[in-house]
Amino acid sequence: MISSLNPEQQAAVTLPPRHALVLAGAGSGKTRVLTTRMAWLIQTGQASPFGLLAVTFTNKSAREMLTRLTALLPINTRGMWVGTFHGLCNRLLRAHHRDAGLIQTFQILDTADQLAAIKRMIKGAGIDDEKFPPRDVQRFINGAKEEGLRPHNVAADDPHRRRLVEIYQMYQDQCEREGVVDFAELLLRAFELLQRNAPVREHYQRRFQHILVDEFQDTNTLQYRWLTLLAGGGASIFAVGDDDQSIYAFRGANVGNMADFERDYAQGNVIRLEQNYRSYGHILDSANALIAHNTARLGKNLWTQQGEGEPVRVTEQASDLLEARWIIDEIKALIDDGRLRREIAILYRSNAQSRIIEHALFSSAIPYKVYGGLRFFERQEVKHALAYLRLMDNPHDDTSWLRVVNFPARGIGARTLEQLADLAREQNTSLFRAVPLMTGKGGTNLARFAELIQQMAHEAQVLTLPELVEHVVHHSGLRAHYQNDREGVDRLENLQELVNAAAAFVAEENFDNLPAGRIADDRDVSVGDGMEESSAMSPLAAFLTHASLEAGDNQAQAGQDAVQLMTVHAAKGLEFDSVFITGVEEGLFPHENSLLEASGVEEERRLMYVAITRARERLYLTLAQSRMLHGQTRYAMRSRFLDEIPEEHLKWLTPREGRAAVRENTWSGAFRRGEAYNRPDGGTVAPRMPRSLTTGVTVGDQHFRIGAGVRHAKFGEGTVIGLSGMGQDAQAQIQFRDVGSKTLALGVAKLDIIAG
DNA sequence: CAGAGGGCGATTTTT
DNA sequence: TCGCCCTCTG
């Protein structure tokens, strides 16, 4: 089992039971080490399968871990605690729902549900949604929860913040009333349960002597505290991660957890996995050289036994359109060489870049697949059907109620619902319970809807889950509604797919012929001292949880050999023979929004590091001198990251401009040499130098240059990051410190130059 | 109650 | 420029 591992991997797998940090570089066999460690612990009798807890961030990697584990050891993994943070916390809360103060059938709000709930609350409480935009409120609440803070823990020094805290509290009360929890709440609740309830805590602390964590660099503050609390009874944490691949700070990940963990728990017990089994030398050395520009790293240098391979190819095209066409031509050549389309990936920093590339691929009839976008359980029609199903389990879930009370239309208007909401608020109860208090025509329709829900709930006691889903799709009127809709074909298909998903779920979970709403008697998987309450759920409840925690694939035309398109973020953890990294330009990669703080550029650099290390054999970096963005043509300099990779690893397919010229603007470089420039439509433009790009632009008595510091009466202070046009038509793109980037007409906007 | 039209924002995203 | 969201109107 371990003899095929390299010495470092072996050392990591067989570490004695104490806290350890494994710094695992890209392509160094991280998952292999993690799963082999689990298998080794079990096989050597140091742990039972139930004494391990392995936690990841995505369902996909949790599944992968289980698959690999069973390949190493023929054991039954059912009942093992291997899953995502959210999945495991959910499990904990179901088993101890009383201690956690939750109803057993609590539903989980996904991000969209949560936003809807916040909007509803803000409206209901008469809060000004201009001053408190629901999105900001959501971010505030989730941010607080991810730091482990309840409303009373949040420091609020100004009136606005104080109000936010009140809103947080109101939202919390609403969730409480409705029996729902959001994603962050799953973690915080589970943490508090362990923290406050000594018997429960001690039970799990005793049970899990080995805690293994994947992608440790992505943990947030709360997850870190949850882990160390759970390990507080003498368990060992085996944390695997790569600080150089930390790219999720924007959603709360705290890279600092790695250094903290080393200092506070794993001192002297750090293993580095630096041998890379994925990429050739030039690619790897490019990545190493780039990431060396970051400060505050834990430090790591990847090496490979494979040869240096091909240099990294770089091309600079005049426009985003030409960049896309160039890529397509190159892909055609790769395919002609006999390469598989699915082994070719096109990566971009932001989704907006995909459109033009897709268009070019489509025109050339090259099959491609875009990752990202709406996933199955997030689709409107699927969410509608799920809302009906949720109401069967818990009719007091107002979010679900409002989602479908009048969908399909059944004559229940906004006025009626406002009245209902008022009544419910007065009585401090759910919309469902307030229905009998309603009078008039609206009341009749509402009563009919409530009747429908109860009728369906009744069916749940008789029908199996797939039968019930089918019943709901039909009797809710959803099917009829979409049949009448000209564009409802896909939606009908998805509803049918939901029935199929329910059938597959029932088979997978061995629910057999159990009625959807019933709980089987024999499903306890509790171990040890009988501390754990039954976490058994009805097929319906289990399916709803599954739908919330696992949003499903976003696009699985599996089997199709297609070129892979995705953001760099989405590419993390994947690898391809050939990789194109596109838009390697200042402002795009690194993204301009990250330029304001040093740590932002470092995160962008890690992102580029992730992108580069996806490639096995061949890597392309492409950039465009001009690009259509937000309806405007923008001119960009080449990315600083290109200059951070030593020449010896690069092969320029288009001439590399002198550094100074490029820094100013690549286009102007061409213009200055008097070269014609090839227009995207195939024509040529006579050389014409846009003055603004080289010497800046003068408007009135002010002279603007790229890099100049300016002050605007309303937007505050900022830096000029782009210029276009001349004279009164000149426009400047300015990155403001507080309000982001804006494009202003220099002839109109009142700006003071304060520097440069 | 649905469809049209104005306004606004526009990195990255899993659960 | 584009797409989403909200509001207004018929």
Side-chain angles (χ1 to χ4, degrees), chain A residues 55-62 83-90 108-116 119 123 129-130 133-135 139 142 145-146 181-187 190 214-215 218-220 222-223 246-253 320 347-356 371-375 377-378 406-416 481 484-485 545-552 554 566-573 583 587-596 600 603-604 606-608 610-611 627-634 739-743:
Chain A
V55 62
T56 65
F57 279 88
T58 66
N59 292 299
K60 195 173 153 206
S61 49
T84 62
F85 278 101
H86 294 85
L88 297 179
C89 287
N90 171 61
I108 300 164
L109 301 182
D110 68 19
T111 312
D113 298 332
Q114 185 190 33
L115 186 63
K119 278 182 185 164
K123 254 207 188 92
D129 64 356
E130 304 252 298
R135 284 192 176 283
R139 196 154 19 110
N142 290 338
K145 288 187 180 184
E146 280 159 13
V181 297
D182 56 54
F183 285 137
E185 184 72 18
L186 281 173
L187 298 179
D214 192 17
E215 305 280 14
D218 289 337
T219 51
N220 64 32
L222 181 57
Q223 287 159 339
S246 164
I247 56 173
Y248 284 116
F250 71 92
R251 67 177 199 210
D320 47 355
L347 309 185
Y348 33 82
R349 175 64 181 81
S350 73
N351 288 302
Q353 289 168 254
S354 80
R355 169 185 284 233
I356 195 162
Y371 286 77
L374 262 200
R375 307 194 328 199
F377 287 112
E378 292 168 355
N406 197 38
F407 193 95
R410 42 178 76 89
I412 299 170
R415 179 76 46 83
T416 306
H481 178 267
N484 290 331
D485 186 343
T545 301
H546 168 78
S548 305
L549 289 181
E550 187 154 359
N554 33 37
M566 67 194 82
T567 63
V568 178
H569 281 92
K572 186 168 163 229
L588 196 57
F589 205 172
H591 197 278
E592 62 194 21
N593 292 0
S594 70
L595 299 179
L596 298 172
E603 175 131 332
E604 294 289 305
R606 292 193 290 268
L607 196 52
M608 180 61 84
V610 167
R627 183 177 293 283
M628 201 58 158
L629 203 64
H630 308 328
Q632 281 182 319
T633 306
R634 306 224 322 194
V739 298
S741 124
K742 307 248 178 232
T743 301

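Naming: A, B, ... by sequence-line order, numbering from 1 per chain. Given the structure is predicted, the values throughout are model-derived calculations rather than measurements.
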For [X] and [N], what is the distance between atoms [atom1] and [atom2] respectively, to the nearest whole Å?
{"X": "A:Y348", "N": "B:dA10", "atom1": "OH", "atom2": "P", "answer": "19 Å"}
{"X": "A:I247", "N": "B:dT14", "atom1": "CD1", "atom2": "C1'", "answer": "12 Å"}
{"X": "A:R251", "N": "B:dT13", "atom1": "CZ", "atom2": "C1'", "answer": "5 Å"}
{"X": "A:L187", "N": "B:dT15", "atom1": "CG", "atom2": "C1'", "answer": "8 Å"}
{"X": "A:F57", "N": "B:dT12", "atom1": "CZ", "atom2": "C1'", "answer": "16 Å"}
{"X": "A:E603", "N": "B:dT12", "atom1": "CD", "atom2": "C1'", "answer": "9 Å"}
{"X": "A:E592", "N": "B:dT12", "atom1": "CD", "atom2": "P", "answer": "12 Å"}
{"X": "A:K572", "N": "B:dT14", "atom1": "NZ", "atom2": "P", "answer": "11 Å"}

| query | Does A:T111 get its side chain close enough to the base of B:dT15, under 3.5 Å, for a donor-acceptor pair? | reply | yes

| field | Residues A:E146 and A:N220: side-chain donor-acceptor under 3.5 angstrom | value | no

At less than 4.0 Å, is any side-chain N or O atom of [X] found next to OP1 or OP2 of [N]? Yes or no.
{"X": "A:R375", "N": "B:dT13", "value": "no"}
{"X": "A:N351", "N": "B:dT11", "value": "no"}
{"X": "A:T84", "N": "B:dT14", "value": "no"}
{"X": "A:N59", "N": "B:dT15", "value": "yes"}

| Derivation and outcome, side chain to side chain contact (heavy atoms under 4.5 Å, CB included), residues A:L588 and A:Q353 | CA-CA 10 Å; A:L588 196 57; A:Q353 289 168 254; 3.6 Å; yes

| task | Indicate the ring-plane relationship of A:H569 and A:F250, choosing parallel, tilted or perpendicular according to the 30° and 60° boundaries. | result | perpendicular

| remark: Between A:V568 and A:A611, the two heavy atoms sitting closest are CG1-CB, 3.6 Å

| Is the shortest heavy-atom distance from the side chain of A:Q114 to the side chain of A:F183 under 4.5 Å? | no

| message | Would you measure the distance from the C1' atom in B:dT12 across to the matching atom in C:dC5 and give it in whole Å? | response | 22 Å

| query | For atom C1', what is the distance between B:dT11 and C:dC6, given to the nearest Å? | reply | 25 Å

| remark: Closest to the 5' end of DNA chain B, once A:G631 and A:A414 are matched to their nearest nucleotides, is A:A414

| message | Both A:A352 and A:E550 contact DNA chain B. Which one's nearest nucleotide lies toward the 5' end? | response | A:A352

Using a 4.0 Å heavy-atom cut-off across all strands, classify [X] as base, sugar-phosphate, or nothing.
{"X": "A:F250", "result": "base"}
{"X": "A:F85", "result": "nothing"}
{"X": "A:S594", "result": "nothing"}
{"X": "A:N406", "result": "sugar-phosphate"}

Pick out the pairs of N or O atoms, protein on one side and nucleotides 2-6 of chain C on the other, that lie under 3.5 Å.
from	atom 1	to	atom 2	distance (Å)
C:dC2	O3'	A:R355	NH2	3.2
C:dG3	OP1	A:R355	NH2	2.4
C:dC6	OP1	A:K119	NZ	3.0

| Do any N or O atoms from the side chain of A:D182 and from the backbone of A:L109 form a donor-acceptor pair under 3.5 angstrom? | no

| task | Go through B:dT12, B:dA10, B:dT15 for me and flag the one nearest to the A:T567 side chain. | result | B:dT12

| Stacking check: are the rings of A:H591 and B:dT11 less than 5.5 Å apart at their centres and under 30 degrees in tilt? | yes

| task | Nearest 0.5 Å please: distance from the CD atom of A:E550 over to the CG atom of A:N59. | result | 4.0 Å

| said: Quick test of your reading of the model: are A:D218 and A:K572 salt-bridged, counting only N-O distances below 4.0 Å? | reply: yes

